[in-house]
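In this text the structure is predicted, and so the values were computed from the model without any measurement. Residue numbers start at 1 and run along the sequence shown. The basis for the numbers below is simple: all heavy atoms, side chains too, and nothing from hydrogens, waters or symmetry mates.
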Amino acid sequence: MTDNDSNETPSSGTSTSRDASDAMEKVSSDIYDLIGVKGKASDSRPFVSECSGKDRKKYFRIFHWWSFYPTSASDLGVAMERLKTELPKRGWKIVTYGPDTSRNKNINLTADNDKQKAGVNIVEMAKDDPPKLSLHVVSGCYQVPEGQEVEHF
């Protein structure tokens with residue numbers, strides 16, 4: 001989540017690591033469905049990380065990093081435009097959109113979804129071989145239920 005007003009990660013409530021991981025995988029799956037062009041996603045699983053400045057036995061975040069490779073390179077821009085259009089219709093707020101400062105001037109989209117307690121950064125890497133979308137889905141900071149500890153995976 002990309003709360004620009006504060007350095008503190010927003011709270012996502014209480015959950016086990018597994019349930020939160022499943023929720024972030026569902027967020028990624030929903031984003032995949034919005035891409036709307038033929039292609040293949042990388043095979044990656046969400047992972048658990050600590051919440052900065054908090055007890056790592058009780059607090060955690062979920063990250064899910066994956067890539068999408070369109071069947072046709074010409075569909076890469078189509079996919080990015082679709083995401084820019086469709087994400088707001090699904091409760092996402094576009095925080096930033098445009099070329100980044102890299103040599104390749106990759107198109108970069110960052111969005112937050114307060115209801116799903118998630119953020120996503122999508123980078124259109126048109127000059128990569130093969131061209132791809134690089135997606136980083138991230139949760140807010142969860143607290144495990146009373147009497148449990150964070151399961152790291």
Side-chain angles (χ1 to χ4, degrees), residues 1-35 39-70 76 79-80 82-84 86-128 130-153:
M1 311 226 355
T2 56
D3 182 357
N4 292 329
D5 299 333
S6 144
N7 288 332
E8 189 169 321
T9 304
S11 171
S12 285
T14 302
S15 180
T16 65
S17 303
R18 291 281 171 200
D19 287 348
S21 174
D22 289 348
M24 284 303 103
E25 200 155 24
K26 170 84 170 83
V27 168
S28 286
S29 178
D30 290 346
I31 292 170
Y32 176 86
D33 291 344
L34 295 178
I35 290 173
K40 182 175 165 88
S42 59
D43 187 20
S44 67
R45 303 284 303 164
F47 64 93
V48 176
S49 185
E50 61 189 47
C51 289
S52 182
K54 295 193 180 243
D55 182 346
R56 66 184 313 261
K57 291 180 181 178
K58 293 182 180 180
Y59 297 90
F60 67 95
R61 296 179 82 178
I62 300 291
F63 290 86
H64 188 201
W65 297 346
W66 56 284
S67 298
F68 176 80
Y69 302 90
L76 192 65
M80 193 67 156
R82 251 187 79 76
L83 288 166
K84 180 182 164 195
E86 295 299 319
L87 283 168
K89 294 177 185 176
R90 305 296 194 291
W92 292 86
K93 178 184 174 203
I94 306 282
V95 178
T96 61
Y97 183 85
D100 63 19
T101 58
S102 72
R103 181 175 42 136
N104 291 337
K105 302 290 183 216
N106 297 316
I107 301 298
N108 207 304
L109 182 155
T110 303
D112 288 335
N113 189 313
D114 290 341
K115 183 177 178 188
Q116 293 181 316
K117 308 285 190 209
V120 64
N121 176 254
I122 306 167
V123 182
E124 178 185 333
M125 303 180 98
K127 295 188 178 168
D128 276 24
K132 69 179 179 181
L133 295 179
S134 175
L135 298 98
H136 293 164
V137 178
V138 60
S139 75
C141 191
Y142 286 98
Q143 181 175 354
V144 292
E146 189 66 39
Q148 295 189 31
E149 284 192 9
V150 175
E151 181 183 359
H152 290 273
F153 52 86

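The shortest non-hydrogen separation linking A20 to S15 is N-OG, 3.3 Å. Between Q116 and D30, the shortest heavy-atom contact is NE2-OD2, 3.9 Å. Closest non-hydrogen pair, P46 versus H64, comes out as N-CD2, 3.6 Å.
Y69 is not listed as a side-chain neighbour of D128, based on a closest heavy-atom distance of 4.5 Å or more. Counting only heavy atoms from C-beta outward, the side chains of T14 and V144 never approach each other to under 4.5 Å. T16 has its side chain within reach of P145: a pair of non-hydrogen atoms, C-beta onward, lies under 4.5 Å apart. Counting heavy atoms from C-beta on, the side chains of K117 and P10 never come closer than 4.5 Å. Using a 4.5 Å cut-off on side-chain heavy atoms (C-beta onward), S52 and T9 make no contact. Using a 4.5 Å cut-off on side-chain heavy atoms (C-beta onward), H152 and R56 make contact. E124 has its side chain within reach of L133: a pair of non-hydrogen atoms, C-beta onward, lies under 4.5 Å apart.
Looking at residues two or more places apart in sequence or on another chain, you find a side chain to side chain donor-acceptor pair (under 3.5 Å) between Y97 and E81. Evaluation of the side-chain contact (heavy atoms from CB on, under 4.5 Å) rule for R45 yields E25 as partners, not counting sequence neighbours. In this structure, K115 has no salt bridge (Lys or Arg N to Asp or Glu O under 4.0 Å) partners at least two apart in sequence or on a different chain.
The neighbour count for K105 NZ, taken as heavy atoms of other residues, nucleotides or ligands under 6.0 Å away, is above 12. Other residues, nucleotides and ligands contribute only 12 or fewer heavy atoms inside 6.0 Å of the CG atom of D43.
Counted by atom type alone, N104 and S102 present zero donor-acceptor pairs between their side chains at under 3.5 Å.
For the atom pair F60 CZ and S49 OG, the distance stands at 11.0 Å (nearest 0.5 Å). The distance from atom CZ of F68 to atom NZ of K40, rounded to the nearest 0.5 Å, is 11.0 Å. From Y142, atom OH reaches atom OG of S12 across 4.5 Å, with rounding to the nearest 0.5 Å.
The only option from N121, T96, T101 that meets the side-chain hydrogen bond (donor to acceptor under 3.5 Å, both in side chains) definition with N108 turns out to be N121. Of the options L83, I31, V95, a side-chain contact (heavy atoms from CB on, under 4.5 Å) to V120 is made by I31 and by none of the others.
Salt bridge annotation for D22-R18: absent, with no cationic side-chain nitrogen under 4.0 angstrom from a carboxylate oxygen.
Between W65 and H136, the angle of the ring planes lies from 30° to 60°, which puts this pair in the tilted group.
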